[in-house]
Novice: 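My questions will all concern the structure given below.
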Amino acid sequence: MAERGVDVSALPQEVREQLAELDLELSEGDITQKGYEKKRAKVLAPYLTQTQSKNTEISLSASAPEPGPSNSSSSSSRHRRTRRPHRSSGTRDERYRSDIHTEAVQAALAKHKEEKMALPMPTKRRSAYVQSPIDNCTPPDSSSSSDDEAVSSESAGPQQSPDTWINSSLHGSSTSSSASSTLSHGESRPTQAPQPQSQQPSALAEAFAQTRIDPVGVGPPDMPSHAQARGSRVDLPSNAVVRGMSRGQSRSSMMETADGVPVSSRVSTKIQQLLNTLKRPKRPPLSEFFMDDQEEIVEVPQADPNTPKPEGRQIIPVKGEPLGVVSNWPPALQAALARWGATQGKSPALTALDITGKPLYTLTYGKLWSRSVKLAYTLLNKLGTKNEQIIKPGDRVALVYPNSDPGMFWVAFYGCLLAEVIPVPIEVPLSRKDAGSSQVGFLLGSCGVGLALTSEICLKGLPKTPTGEILQFKGWPRLKWVVTDSKYLTKPSKDWQPHIPTANTDTAYIEYKASKEGTVMGVAVSKVAMLTHCQALTQACNYCEGETLVNVLDFKKDMGLWHGVLTSIMNRIHTISVPYAVMKACPQSWVQRVHIHKARVALAKCRDLHWAMMAHREQRDTSLASLRMLIVADGANPWSVSSCDAFLNVFQAHGLKSEVICPCATSPEAMTVAIRRPGVAGAPLPARAVLSMTGLSHGVIRVNTEDKNSALTVQDVGHVMPGALMCIVKPDGPPMLCKTDEIGEIVVNSRAGGTMYYGLSGVTKNTFEVIPVNASGTPIGEIPFVRSGLLGFVGPGSLIFVVGKNEGLLMVSGRRHNADDLVATALAVEPVKTVYRGRIAVFSVTVFYDERIVIVAEQRPDASEEDSFQWMSRVLQAIDSIHQVGLYCLALVPANTLPKTPLGGIHISDTKQLFLEGALHPCNILMCPHTCVTNMPKPRQKQPVGVGPASIMVGNLVAGKRIAQAAGRDLGLIEDQDLVRKHHFLTEALQWRAQTDPDHTLYVLLNAKGVAVCTATCVQLHKRAEKIAAALMERSGINIGENVVLLYPPGKSHILCPVLVVFERLGQLKNYIGVKVKVTYPWFSPDDLPRKRPPTIYKPPNAEMIAYMDFSVSTTGMLTGVKVRDFSHHLNRFFLVILGSFVIMSPLDATNASFIWVNSPHNATEYYTIYGEENLQADHFNTKLSFGDPQTLWARTGYLGFVKRTELTDSSGDRHDALFVVGSLDETLELRGLRYHPIDIETSVSRAHRSIGESAVFTWTNLLVVVAELCGSEQDALDLVPLVTNVVLEEHHLIVGVVVIVDPGVIPINSRGEKQRMHLRDSFLADQLDPIYVAYNM
């Protein structure tokens, strides 16, 4: 490399900081190797020039091709790149990095390269909400790339394997709704000839061809004139330009069926492609039966005989070595501080570093003691008035200190112990919207905290109200803030001394802990447990007085608190605290501190090992030979093995010994469970095991011997802590002891552990008072154990192995999957172009009686849609191959938008909550319900032909059920029968009413405010009807028996002025109902009617003549005309019967609904002009029963419903039969052999998210399509996709195939408020909706 001849250690401090920042960028994947080298060379250019001027001759000879010493620079550069290939991995969280696992993932993906399976890419409108690297909530990332990096990324395309699963070059720009493609990998984009599929319409498309899309843009019937405000893309003039189509594109250029349904549009092609991907059989076969009862509706999983089962003997509890008794151990931890403060006052206790990694201050044991005593005195005596004491011993106090100020925290913590108040360390709140802020408030509330201690600098940085008061954080109780800087403390009098009792069972401090659900609870640690834990750590780690310890961990909890704050004081250890901010600016600072101070012990995480390894360059003077113990706090994570190995490989040349690395297993409840003891030179290497992930998912231990791709390497975490007793129990159900080859939860009995969840007695019992039982259910003893939340097993030599945690456990279809394992697999799928700094969250959501896996990753600002979709697609395959589990959802969000923990990690529970609330705002999303939802019920099969209504009736009678039949009440007889005969028809009745009761109001028209604006009396209506009749006879040439079309705009005051409106598109109506209409009728206005009466009023010869023709437009697009004969006034009764029982899933919860038939004298008789379809008329109007009374004629209503006997009584005193109508038969969707009413699904969809307005559903090629109108911001568009999928699956047991997000007003609604779903379907398939987003669920 060019900087080979530059002494980096001699460079100015600002230059070294720039180089360190570049090293961090490279380690986090924010820059490629080539871009890194270019930037580094630019920084070193001035100093490199000086070196070259001194060695011009050597530099010139270095360009010669002959090998020799002068060529060592370039060869060293090549060697260095070869030696460290992991730098370009592009991931930040290297806990999950494993070269072996990466190779396994790539091998698994290579198996799929021959599969030409095309996933339909989602359609996204180019909008302002699409992620921008500058404008959309992503801070300027100056370290993301360089010019040279951009060139290298572009030129990397041709170097990719031609067998990539989905060729990104085929997709075009997916942010434009007209530019995305759905071709499978390996296919070239067609340029001239269309695909063969588009030349022939599918058979199913022909079946749907009855609903016509008029090619000239004529609107559908029964669409109001004001519909343009709601459905402007439905009623289009002939010269309109459809959104999403260029003006030059002709609609006739689209392939259509004989009736104009486009089948080769981009949407139809994608749906066909989606169907092709769904043809693969699901892994678990469906059972052969179906249950209708709630939870029993899901498929009952059949036990696989090949499932691995534990075969070993029952485990025996493992006991740690006895806890030694040392004569000079103090009776309490406070006593140790008092001892060292008095005898070793000048001995350093703590050294804090500034942001550059340089020592900021050193706190001696004398200063620590004196300041702690002053704080204890101030808390107990100086906070309130003379007669009032605010803080009393036993009260809880919050400690709010930043990670950059360990000294103030130490003083506050030990000051509280000396005052016998209980400290509750928490993180510093930065805003009301902090991740988990409300849960921290729950912790403070459950602990009864009313006082918070903080430093002056921290108090000034807290968010405040305009009046200067501390902001009331969400969910927090009211707190009194106390500053603990020395100048605000009161020096106690000489006769005052803090009370230091012998360690007892009283609570010493409370450590916060977040559960899997996000709830923050406080683990209470007693004074004796705190002291015993320090003694056990001292014995296990062999701490000696006066040692130096470098702590990179958070000093407020867990290992950072136990080792760096408590045990260090007990043993008079000098602790050097390295804050997280220093690690970001100078990742190797902790290694430098070990070298400078000759530290004997270091506390770090795998992340710190990786950063230090990546930042290590030419600092040859660094030595780690002084370390006798490098404690890896997250060494229990199986993915820590690779980081430990890589760190050892790099620093072994700098004195680091292999036996120094000591992983451990800890939990807030059980504290330190196990730790690897520091070894000695020549000792055997620690134990490791290569286990089968398949076996682990079933909870058993199996050494991987067959499938190398599905293997997990785990390392031991040492032996059980001194004085502890440990065993493995089943994580679910009763705490039964596991077998030796079975994975279970580690439970510990020890004096050095937590005692309870403070203030939460209910959950305390299930965690801190566990009594293990044997296989027969008998308790193994009376002593209680504490659940650690760690999953593992006991290996040879009583070594403890941990494979995961309960909080990261995903239980899917009876199998256990670890979230960290899935993260590792996702990161192994080349995330450098897609994932921002390796930030990936994995969690599960409960949908349809099982857990479903969700992966959310932050997308790089410069990532393209094609790269992102390709990465998501490859992750699906990798996880399916490695873990044999399907993903439910994979989402990408803009960089730096996921909620963060105080140390920069992803807040998993808050991310999950945002996902469930629809507030995650992803920029890309891929739902895969068809793949992972394998417990759907078997599709219902149709009944055989032999089972008819008679059989059903007999079956019901045998079962004790009555026939579903109801009769209406008698209308009664009119006394004056002569009057009935005189006014037999409607016209006669109107004339009679106009004469006998002329001023009676028949109709009232109300406006939007409910005020009457128009009325019609009997005489007014009769006179106006006579004028209309006269106009028809004189001017229109209408003959008796011909048809007149009456078209009235809704909501207008035309009761008294009916207008015969004939417009130029009236001929279209003929296409729907086949009625002969004359399109040359004149226009009539209310003022142009004749003033004379008609000469005669027509009287039908008999009551069988047609009075008028009713029509109905269903939401499926079917318009029918029904003949209605003149009303009869001698009606007696009508009967209703329900036949053909079947099950539908409706809001009435699996109710037995049936067809409703009616027998009544006022039934309609026939359809108008069906062109000889006598069978259809007979089936609808003259249906007969095949049982009971086969002579009665019934009319089908087209409705589904049921009859239920109520407690109400009718006029005769009998109980009343109530008719419940479920819905129209024509509108039902038949899916999986069941009938669904669209309104039920739409109601569920509309309440899934606050931003959903109207919604509509329809089917296409057996896929359910949901269209939802987005009423909120467009950044909510992609949030709706998983919520819509969830609610339909949960409430209706259906998998949504396509989710379409559109603008408000796109769903067409007619004048009666009915959704025109078929017109919506046709517009969608014709690509005329211009949707915001179209998601094709896999």
Side-chain angles (χ1 to χ4, degrees), residues 204 207-211 290 292 297 936-943 947 949 952 964 1112-1120 1122 1136-1158 1176 1179-1180 1183 1194-1203 1219-1246 1254-1267 1284 1287-1298 1307-1310 1312-1322 1324-1325:
L204 190 56
F208 281 98
Q210 298 300 325
T211 304
F290 180 86
D292 285 341
I297 197 172
M936 293 290 289
K938 184 178 179 63
R940 177 165 294 281
Q941 304 295 329
K942 293 185 177 181
Q943 296 291 341
V947 180
I952 295 176
S1112 173
V1113 181
S1114 69
T1115 57
T1116 61
M1118 179 68 71
L1119 186 142
T1120 55
V1122 181
L1136 177 145
V1137 68
I1138 300 182
L1139 299 175
S1141 177
F1142 59 91
V1143 176
I1144 67 171
M1145 305 308 298
S1146 69
L1148 297 178
D1149 190 13
T1151 304
N1152 288 328
S1154 309
F1155 304 104
I1156 299 177
W1157 293 1
V1158 174
L1176 183 62
D1179 184 59
H1180 280 77
T1183 302
W1194 303 85
R1196 298 177 182 266
T1197 64
Y1199 290 104
L1200 300 171
F1202 60 94
V1203 171
L1219 171 64
F1220 293 85
V1221 178
V1222 179
S1224 174
L1225 177 64
D1226 291 338
E1227 297 180 0
T1228 57
L1229 309 175
E1230 186 167 354
L1231 294 167
R1232 300 179 59 82
L1234 306 176
R1235 293 187 183 274
Y1236 297 84
H1237 292 273
I1239 187 62
D1240 300 335
I1241 303 177
E1242 291 161 0
T1243 301
S1244 300
V1245 170
S1246 296
E1254 289 287 354
S1255 63
V1257 300
F1258 55 85
T1259 57
W1260 180 253
T1261 58
N1262 295 325
L1263 288 177
L1264 178 63
V1265 181
V1266 176
V1267 181
V1284 168
V1287 72
V1288 175
L1289 185 57
E1290 283 277 4
E1291 299 185 5
H1292 304 278
H1293 305 167
L1294 283 176
I1295 296 179
V1296 178
V1298 183
I1307 298 177
I1309 297 181
N1310 63 13
R1312 297 184 300 278
E1314 299 171 340
K1315 301 173 186 176
Q1316 301 297 291
R1317 299 182 181 89
M1318 291 304 101
H1319 298 305
L1320 177 66
R1321 183 193 69 179
D1322 296 339
F1324 171 68
L1325 296 176

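Residues: numbered from 1 along the sequence shown. Note that the structure is a prediction, hence the values are computed from the model and not measured.
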Novice: Side chains of Arg1321 and Leu1325, heavy atoms from C-beta outward: is any pair under 4.5 Å?
Specialist: yes
Novice: Please determine whether side chain to side chain contact (heavy atoms under 4.5 Å, CB included) holds for the pair His1237 and Leu1200, giving the CA-CA distance in whole Å, both sets of side-chain angles, and the decisive distance to 0.1 Å.
Specialist: CA-CA 10 Å; His1237 292 273; Leu1200 300 171; 3.9 Å; yes
Novice: Say you draw a straight line from CD1 of Ile1239 to OG1 of Thr1228; how long is it, rounded to the nearest 0.5 Å?
Specialist: 14.0 Å
Novice: Looking at Arg1317 and Glu1242, is there a salt bridge between them, counting it only when a charged N and a carboxylate O are closer than 4.0 Å?
Specialist: yes
Novice: When you look at Val1221 and Ile1156, which way does the side chain to side chain contact (heavy atoms under 4.5 Å, CB included) test go after all the steps?
Specialist: CA-CA 8 Å; Val1221 178; Ile1156 299 177; 4.0 Å; yes
Novice: Run the side chain to side chain contact (heavy atoms under 4.5 Å, CB included) check on Tyr1199 and Leu1225 step by step: do they pass?
Specialist: CA-CA 5 Å; Tyr1199 290 104; Leu1225 177 64; over 6 Å; no
Novice: Distance check, rounded to the nearest 0.5 Å: Glu1254 atom CD versus Lys1315 atom NZ?
Specialist: 4.5 Å
Novice: To the nearest 0.5 angstrom, please state how far the CG atom of Leu1229 sits from the CG atom of Asp1240.
Specialist: 10.0 Å
Novice: State, to 0.1 Å, how close Val1267 and Ile1307 come at their nearest heavy-atom pair, and which atoms those are.
Specialist: O-CD1, 3.9 Å
Novice: Out of Leu1263, Thr1259, Ile1295, which residue meets the side chain to side chain contact (heavy atoms under 4.5 Å, CB included) rule with Leu1231?
Specialist: Thr1259
Novice: Using the test side chain to side chain donor-acceptor pair (under 3.5 Å), find all partners of Ser1246 that sit at least two apart in sequence or belong to another chain.
Specialist: Ser1255
Novice: Can you sort out the partners of Ser1244 under side chain to side chain contact (heavy atoms under 4.5 Å, CB included), two or more places apart, ordered by chain and number?
Specialist: Arg1247, Val1287, Glu1291, His1292
Novice: Are Leu1294 and Ile1241 packed together at the side-chain level, in the sense that at least one heavy-atom pair is separated by less than 4.5 angstrom?
Specialist: yes
Novice: Using side chain to side chain contact (heavy atoms under 4.5 Å, CB included), reason through Phe1202 and Val1222 one step at a time and then give a plain yes or no.
Specialist: CA-CA 8 Å; Phe1202 60 94; Val1222 179; 4.1 Å; yes
Novice: Nearest heavy-atom pair of Phe1258 and Met1318: which atoms, and what distance?
Specialist: CB-CE, 4.0 Å
Novice: Quick check: closest heavy atoms across Val1296 and Val1298, and the distance to 0.1 Å?
Specialist: CG1-O, 3.4 Å
Novice: How many angstroms lie between atom CD of Gln1316 and atom CG of Asn1310, to the nearest 0.5 angstrom?
Specialist: 4.5 Å
